[in-house]
There are 2 protein chains.
Amino acid sequence: MPEAQSPTRKRIVDAATRLFYAEGIGRVSVDAVAEEAGLTKRTLYYHFKSKDDLIAAYLDGRDQPNLKRMAGWFDAAEGGADRKVEAIFTNLARAAHHPKWKGCGFLRTAAELASMPGHPAIKVGSRHKSNFETWLAGELSARNIEEPQALAREIVLLIDGSFSIMLIHRNPDYIEAAGRAAATLVRARISSNQV
Amino acid sequence: MPEAQSPTRKRIVDAATRLFYAEGIGRVSVDAVAEEAGLTKRTLYYHFKSKDDLIAAYLDGRDQPNLKRMAGWFDAAEGGADRKVEAIFTNLARAAHHPKWKGCGFLRTAAELASMPGHPAIKVGSRHKSNFETWLAGELSARNIEEPQALAREIVLLIDGSFSIMLIHRNPDYIEAAGRAAATLVRARISSNQV
DNA sequence: CGATGTATACCGACTAGTGAATATACACAA
DNA sequence: TTGTGTATATTCACTAGTCGGTATACATCG
């Protein structure tokens, strides 16, 4: 039985992360992951019972870093909740200029696995997106924004819409437009007794 | 040289449409498409020079039907522009309940081809999404809505956000929430001298 | 010894794409 | 009418390579 936190396992997940994000889970073979990790396929299958498991582990490893990055942008931004929300989009648009940017790994994986709704990787993605939505609703609630849950959900829709459309048009203007729409929706819910 | 509108070609595209939408372009082999169409792979390759070409033809064939369906929902809805826009989401949510529903074929294909931004199928998808955005801006403009282009873009972001999140959570509530947000954004732009 | 980890070598199934032959239909000439 | 040429359309059989996954063996270390 492999150890849950073995360094070899981490090497495999790191290699899978690089390849899966760059090429998509369907276009990357297990052989390629093993080679990228610098070991043989048999060793990979000692640590993971299937490719599907490895895909889920890849997404699981992206959960916390992704959340922290978003929260970092939110926290660092000056101004009220509207400006902080818009900062997420502004930073996203900047990140999208990077040549290695390929959208949201969670959404792309869900799209590739659309015919397998119960796939373990999709459950991981669902949990991640819920985590983000819950975190955002908490931040909005702490700032006395009205209907924080509903608003958080609308912002999530605009963020994921940006991710998707970017893969079609490759035009970051869409992300900026989504940011302005999100800021508008936030301002519409700033309550009267607000800091 | 094959004929552009040969009935055989149409049979192939129809078969490809069924399989590609149901399983995703990467999970469907050319052999499978040929068998679904009731002919041999060699015949398929007589009509299409590559699988990539066939994928582009699949999406090209979905352009007009998709636009007509959206426009039909918009036209059929009672009320002002806000209600008509919201009707698109309501109908989308209803369609998403169907067991064969697998999201937006254009977005899913773009996600699968994220590592090949210049792929012909992505160009077809980009054109389709632009067509829809332009059509919607026209409808909004005809109803004296302010900033119709900006608003159309925001609505598109909410629609495509709905498509993406649905593949993660499989919960049509997100589409309804997006519809309410879209209606809010429309109402914020209803000008004073309006019918 | 026994647990953990790694390597070589292999499996059957499937992949996109192709070579060569052939069926069909129609044009034109004897 | 009959024969020949030609373009379109289709099939069978095949290639060279990749796929996820595994059987077996061997190392290292407590």
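A, B, ... follow the sequence lines: proteins, then strands. Residue 1 opens every chain.
A salt bridge links B/E139 with B/R143: the closest approach of a Lys/Arg side-chain nitrogen to an acidic carboxylate oxygen falls below 4.0 angstrom. Contact check on A/K10 versus A/D14 returns a salt bridge, with a Lys/Arg side-chain nitrogen under 4.0 Å from an Asp/Glu carboxylate oxygen. Using a cut-off of 4.0 Å between Lys/Arg side-chain N and Asp/Glu carboxylate O, A/E133 and A/R153 are scored as salt-bridged.
Regarding contacts with the backbone of D/dT11, a side-chain N or O of B/T40 is found under 4.0 angstrom from either OP1 or OP2. Under 4.0 angstrom from either OP1 or OP2 of C/dG5 there lies no side-chain N or O belonging to A/T8.
Atom CD1 in B/I55 sits roughly 13 Å away from atom C1' in C/dT15 (whole-Å rounding). Rounded to a whole Å, the OH atom of B/Y46 is 17 Å from the C1' atom of C/dG17. Between A/I12 atom CD1 and C/dT4 atom C1' there is a gap of 14 Å when expressed in whole angstrom units. One interatomic measurement links the two molecules: CD of B/E35 to C1' of D/dT11, which rounds to 15 Å at whole-angstrom precision. The nearest whole Å value for the distance from the NE2 atom in B/H47 to the C1' atom in D/dT10 is 8 Å. Computed from coordinates, the A/L39 CG to D/dT28 C1' distance equals 17 Å when rounded to whole Å.
The NE2 atom of A/H97 sits 12.0 Å away from the CG atom of A/L92 when rounded to the nearest 0.5 Å.
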Base, backbone or nothing for each nucleotide of nucleotides 18-27 of chain D, written B, S, -, heavy atoms under 4.0 angstrom, 5' to 3'?
-SBBBBB---
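Checked by atom type, the side-chain pair A/N66/A/R69 shows no donor-acceptor distance below 3.5 Å.
Heavy-atom neighbours of A/R83 CZ from other residues, nucleotides or ligands within 6.0 Å: at or below the threshold of 12.
Residues B/M116 and B/I122 form no side-chain contact, since every pair of their non-hydrogen atoms from C-beta on lies 4.5 Å or further apart.
Here B/E154 pairs with A/A181, B/L151, B/L185, B/R189 under the side-chain contact (heavy atoms from CB on, under 4.5 Å) rule; sequence neighbours left out.
With the end axes of the helix from C/dC1-D/dG30 to C/dA30-D/dT1 each set by five pairs, the angle from one to the other reads 10° at 10° resolution.
In terms of heavy atoms, B/L19 sits closest to B/A32 at CD1-O, 3.5 Å.
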